[in-house]
There are 2 protein chains.
Amino acid sequence: MKALLSEDEQLQIIAECTDGQKLIEETIRLKPNLILCDLSMPKMNGLDAIREIKKKLGDVKVIILTIHKEKQIFEKALQLGVNGYVLKEDIYDQLKFTIHTVLNGGKSYSAKITEAFAIGQGQERSELTFELLTRREREILRLAALGRTNREIGEELGISVRTVETHRANLMQKLDLKNVQELIAFAIKHGVVSIDEMEA
Amino acid sequence: MKALLSEDEQLQIIAECTDGQKLIEETIRLKPNLILCDLSMPKMNGLDAIREIKKKLGDVKVIILTIHKEKQIFEKALQLGVNGYVLKEDIYDQLKFTIHTVLNGGKSYSAKITEAFAIGQGQERSELTFELLTRREREILRLAALGRTNREIGEELGISVRTVETHRANLMQKLDLKNVQELIAFAIKHGVVSIDEMEA
DNA sequence: TATAAACTCAGTATTACTACTTAGATTCTC
DNA sequence: GAGAATCTAAGTAGTAATACTGAGTTTATA
């Protein structure tokens with residue numbers, strides 16, 4: 001997202017904050033024109049941070065980017081005087097446009113692709129490492145990423161736990177993954193699982 | 001995403017497929033107007049699946065939604081006659097619009113929010129459960145989601161492994177999480193970690 | 001300043017995963 | 001049909017996480 005926004009010459013990203021406390025500190029220090037922030041952050045809730053900021057620096061603009069469309073939260077945000085409120089689901093509008101274009105017989109290719117053509121960039125490394133996996137290994141990668149234990153995977157596929165362990169060890173080695181977290185990160189980045197189908 | 005697309009009356013989602021093989025089978029069975037698919041899928045690669053489909057049912061329209069802007073992949077997709085190619089980064093265009101509106105002194109609130117107002121829906125459960133966590137617990141949630149072992153977390157924070165275990169157990173119980181996968185899913189959904197900062 | 005909340009640490013036992021190796025059965029391919 | 005790749009399974013050993021419990025110390029706040 002940072003890379004994407006940086007492409008816009010009218011924008012300059014001067015800081016990134018990992019929690020609400022840092023957000024307040026950095027805002028006071030750097031006095032930005034605009035803050036783009038989520039509501040759920042470590043240490044301090046986004047709305048609380050914004051309240052602090054608006055108290056100390058009333059003229060800074062704030063856009064909320066969140067998944068929350070709960071009335072209470074939005075009203076609270078409005079009371080605090082936020083300038084923009086973007087739902088994460090809004091960002092799919094581009095996709096909708098493409099769908100309708102295609103359904104009407106047209107074609108639509110991402111402009112960024114053609115731009116990339118001119119520059120001649122692009123690497124396939126990660127796609128290739130994924131190709132190294134066998135069918136069984138991908139199946140197990142998926143189930144493991146979804147939170148199944150080896151025992152459950154074995155039951156689900158009708159094979160021994162030991163076999164699952166073998167497959168899992170092989171795919172971990174092929175992809176150079178060190179733990180479950182990396183396995184999940186890989187699975188998400190390659191579309192083997194989506195965040196939505198993951199529990200919790 | 002399914003929920004989002006379903007809102008459009010002109011669209012009707014008649015199937016969802018978890019892998020390339022099922023995609024082929026279902027396409028032949030249901031003969032949809034349009035297929036929206038990723039490139040990375042279990043069992044069979046997206047492009048291979050599309051090749052099969054285009055061979056058997058030439059008139060079905062296909063939109064690729066992917067993170068890949070590699071020249072080779074896009075060219076391969078073009079050769080197969082896909083009708084649309086959407087980069088996942090394209091979908092941030094809506095966000096860009098809001099940013100510029102706000103920077104120019106305007107305000108911009110998601111239309112979906114005001115719609116939701118009329119219906120009066122919305123729940124805060126997950127936001128509240130997150131609030132249950134203490135500062136220390138959120139710190140440990142974050143580090144655990146990023147792949148650190150309890151031992152590493154202890155060293156990083158200068159506390160005993162046993163303390164980390166306690167915090168971890170407490171936060172798992174508070175959030176009703178059963179395993180690391182759910183922990184990660186929760187962390188991602190609440191913006192405690194982003195997929196990008198996760199290794200692999 | 002009392003009281004609660006948060007943070008700290010450990011004992012004990014169990015379960016899950018990882019590393020490394022070996023090896024037979026099946027399936028695909030040249 | 002030979003050979004490779006894949007799928008299957010297990011032995012052994014070690015590491016990591018979880019499920020309980022109990023308990024002392026610090027910190028915030030009413």
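Protein chains get the first letters and strands the later ones, always in sequence-line order, with residue 1 at the start of each.
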**Q** When only distance counts, do a donor and an acceptor, one from the side chain of A:Thr163 and one from the base of D:dC7, lie under 3.5 Å apart?
**A** no
**Q** Among D:dA10, C:dC9, D:dC7, which nucleotide has an atom closest to any side-chain atom of A:Arg162?
**A** D:dA10
**Q** If I take atom CG in residue B:Leu143 and atom P in nucleotide D:dA17, what distance separates them, rounded to the nearest angstrom?
**A** 13 Å
**Q** At 4.0 Å (heavy atoms only), tell me whether B:Thr149 reaches a base, stays on the sugar-phosphate, or touches nothing.
**A** sugar-phosphate
**Q** Where the side chain of B:Thr134 is concerned, which of D:dA17, D:dC7, C:dA6 is the nearest nucleotide?
**A** C:dA6
**Q** Within this structure, what is the NZ-to-P distance between A:Lys178 and D:dA16, rounded to whole angstrom?
**A** 14 Å
**Q** Please tell me if B:Arg151 has a side-chain N or O lying less than 4.0 Å from either OP1 or OP2 of D:dA17.
**A** no
**Q** Please report, rounded to the nearest Å, how far the P atom of D:dC7 is from the CG atom of A:Leu171.
**A** 11 Å
**Q** How do B:Glu165 and A:Asn170 order along DNA chain D: which one's closest nucleotide is nearer the 5' end?
**A** A:Asn170
**Q** To the nearest Å, give me how far apart CG (A:Asn179) and P (C:dA16) are.
**A** 19 Å
**Q** Can you tell which of D:dT18, C:dT18, D:dT8 lies closest to the side chain of A:Ile159?
**A** D:dT8
**Q** Check whether any side-chain heavy atom of A:Arg51 sits under 4.5 Å from a side-chain heavy atom of A:Leu47, and report yes or no.
**A** no
**Q** B:Thr166 has a side chain; which of C:dT18, D:dT18, C:dC9 sits nearest to it?
**A** C:dC9
**Q** Write down the distance between CD1 (B:Ile153) and C1' (C:dC9), rounded to a whole number of angstrom.
**A** 16 Å
**Q** Checking side chain to side chain donor-acceptor pair (under 3.5 Å) against A:Asn150, which of A:Arg168, A:Glu165, A:His167 comes through?
**A** A:Arg168
**Q** Within this structure, what is the NE2-to-C1' distance between B:His167 and C:dA6, rounded to whole angstrom?
**A** 8 Å
**Q** With a 4.5 Å cut-off on side-chain heavy atoms, are A:Val180 and A:Met172 touching?
**A** no
**Q** What is the distance from atom CZ of A:Arg138 to atom CG of A:Leu171, rounded to the nearest 0.5 Å?
**A** 11.0 Å
**Q** May I ask you to test the A:Glu52-A:Asp48 pair for a side-chain heavy-atom distance under 4.5 Å?
**A** no
